[in-house]
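Not measured: the values here are computed from a predicted model. In this chain, residues are counted from 1 in sequence order.
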Amino acid sequence: MESSDKPVLRLVGGHTALDLVNTVEPRVPQAVPEKEHLKTPLDLLRWAERTGVVEPEEVSDILSVWHGEQALAAALGIREALYAVLLTRMDDERSTAPLQPALEQLSTRYSAAVARAALTPSVDSPTAARLRIGDVAPFAVQDRLAAIAVDLLTTENVADLRACPLDEGGCGWLFLDRSRNHTRRWCSMEDCGARVKARRLTDRRRGRQLPPNSAIVES
């Protein structure tokens, strides 16, 4: 696929499903994002190729039979439903009202993906089989994303899930904290972390430049 002139979107989630959630910025609950990275079907397919959801040699076959707008709508539906579920898992005090509809949407998408899947011989054992999801080209991207979302929800420890802190100047992106002491704070120290540190340093320098005993005089 031809390269895009757009800046490369960082992949910091530690799981492809989280990188899908992080395709808007900032990631603020119940708010319209300032930037949407999956605006078109081609944006989605480029992102899917970059993250390994599809292989480069599959792209032309998918494009030849793809219903792009339908696939994009499905992918965004999976993304937002997954985000709603993750928010609830991260915050025990958050209302569970939106949880069930989000789970039902993911379940519906996953069930459709499984219905189009096929059992094939396992490469590890000739007597075993594995379920291959996403081999039907027109639905490959959305079916694989549904499976990836379910994998995240059923295999990852919610205690490892973090959000880049919005209230401290972060972007709200989600990531898995696999640091040794579970002290990772930012989605990326080179990006949000460095930007916040630089701003704090600037603020401290400005504070030191204030004249002694300065005060605001009200007229």
Side-chain angles (χ1 to χ4, degrees), residues 9-39 43-44 47-48 50-54 71-114 133-134 141-193 196:
L9 180 64
R10 293 174 295 119
L11 304 176
V12 299
H15 192 288
T16 305
L18 294 179
D19 289 325
L20 175 65
V21 169
N22 296 341
T23 52
V24 300
E25 56 181 312
R27 197 24 127 165
V28 182
Q30 300 177 338
V32 177
E34 296 176 11
K35 184 181 294 184
E36 167 66 75
H37 290 277
L38 302 182
K39 290 183 177 180
D43 289 339
L44 173 62
W47 177 88
R50 180 169 175 246
T51 55
V53 174
V54 301
L72 178 61
L76 297 184
I78 292 167
R79 182 185 73 183
E80 297 309 312
L82 177 60
Y83 182 54
V85 174
L86 293 174
L87 284 181
T88 305
R89 293 183 65 179
M90 292 174 66
D91 186 354
D92 292 337
E93 297 180 359
R94 186 178 297 274
S95 170
T96 59
L99 177 59
Q100 192 57 37
L103 286 174
E104 289 175 357
Q105 181 172 173
L106 290 175
S107 179
T108 298
R109 296 289 185 188
Y110 183 68
S111 296
V114 171
I133 293 178
V141 175
Q142 65 207 64
D143 285 356
R144 293 177 192 178
L145 288 178
I148 289 167
V150 170
D151 175 76
L152 174 72
L153 293 176
T154 56
T155 64
E156 294 294 343
N157 184 358
V158 68
D160 294 336
L161 195 59
R162 303 281 188 274
C164 190
L166 286 162
D167 58 350
E168 297 181 33
C171 64
W173 279 6
L174 304 187
F175 58 90
L176 293 171
D177 180 8
R178 294 196 174 105
S179 62
R180 179 176 299 178
N181 297 320
H182 282 254
T183 55
R184 179 178 167 188
R185 188 158 189 79
W186 308 101
C187 66
S188 170
M189 195 60 227
E190 292 75 22
D191 196 335
C192 284
V196 172

For residues 14-29, tabulate all N or O donor-acceptor pairs below 3.5 Å that involve a side-chain atom, not counting sequence neighbours.
{"unit_1": "H15", "atom_1": "ND1", "unit_2": "A17", "atom_2": "N", "d": "3.0"}
{"unit_1": "H15", "atom_1": "NE2", "unit_2": "D151", "atom_2": "OD2", "d": "2.9"}
{"unit_1": "D19", "atom_1": "OD1", "unit_2": "V12", "atom_2": "N", "d": "3.2"}
{"unit_1": "D19", "atom_1": "OD1", "unit_2": "G13", "atom_2": "N", "d": "2.9"}
{"unit_1": "N22", "atom_1": "OD1", "unit_2": "L174", "atom_2": "N", "d": "3.0"}
{"unit_1": "N22", "atom_1": "ND2", "unit_2": "L18", "atom_2": "O", "d": "3.2"}
{"unit_1": "N22", "atom_1": "ND2", "unit_2": "L174", "atom_2": "O", "d": "2.8"}
{"unit_1": "T23", "atom_1": "OG1", "unit_2": "L20", "atom_2": "O", "d": "2.6"}
{"unit_1": "T23", "atom_1": "OG1", "unit_2": "R79", "atom_2": "NH1", "d": "2.9"}
{"unit_1": "E25", "atom_1": "OE2", "unit_2": "H37", "atom_2": "NE2", "d": "2.7"}
{"unit_1": "R27", "atom_1": "NE", "unit_2": "V21", "atom_2": "O", "d": "3.1"}
{"unit_1": "R27", "atom_1": "NH1", "unit_2": "E80", "atom_2": "OE1", "d": "3.1"}
{"unit_1": "R27", "atom_1": "NH2", "unit_2": "V21", "atom_2": "O", "d": "3.2"}
{"unit_1": "R27", "atom_1": "NH2", "unit_2": "E80", "atom_2": "OE2", "d": "2.9"}

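Applying the side chain to side chain donor-acceptor pair (under 3.5 Å) criterion to S179, with sequence neighbours excluded, gives D177.
C187 approaches C171 most closely through the heavy-atom pair SG-SG, 3.6 Å. Contact between W186 and C164 at its shortest, heavy atoms only, is CE3-SG, 3.8 Å. Summarising the geometry of V54 relative to V141, their closest heavy-atom pair is CG1-CG2, 3.9 Å, with the distance given to 0.1 Å. Across all non-hydrogen atoms, the minimal contact from A71 to Q142 is CA-OE1, 3.3 Å.
To the nearest 0.5 Å, the span separating CG on L161 from CZ on R89 amounts to 7.5 Å. Between the CG atom in D143 and the CZ atom in R109 there is a gap of 9.5 Å [rounded to 0.5 Å]. Put simply, CG on L145 and CH2 on W47 are 5.5 Å apart, with the number rounded to the nearest 0.5 Å. Atom CD in Q105 sits 10.5 Å away from atom CG in L82 (nearest 0.5 Å). Taking OG of S107 as the start and CD of Q100 as the end, the distance is 9.0 Å to the nearest 0.5 Å. Between atom CG of residue L9 and atom CG of residue D43 there is a gap of 10.5 Å, rounded to the nearest 0.5 Å.
In this structure the side chain of R162 reaches within 4.5 angstrom of the side chain of H182, judged on heavy atoms.
Between the R50 side chain and the L11 main chain, no donor and acceptor come within less than 3.5 Å of each other.
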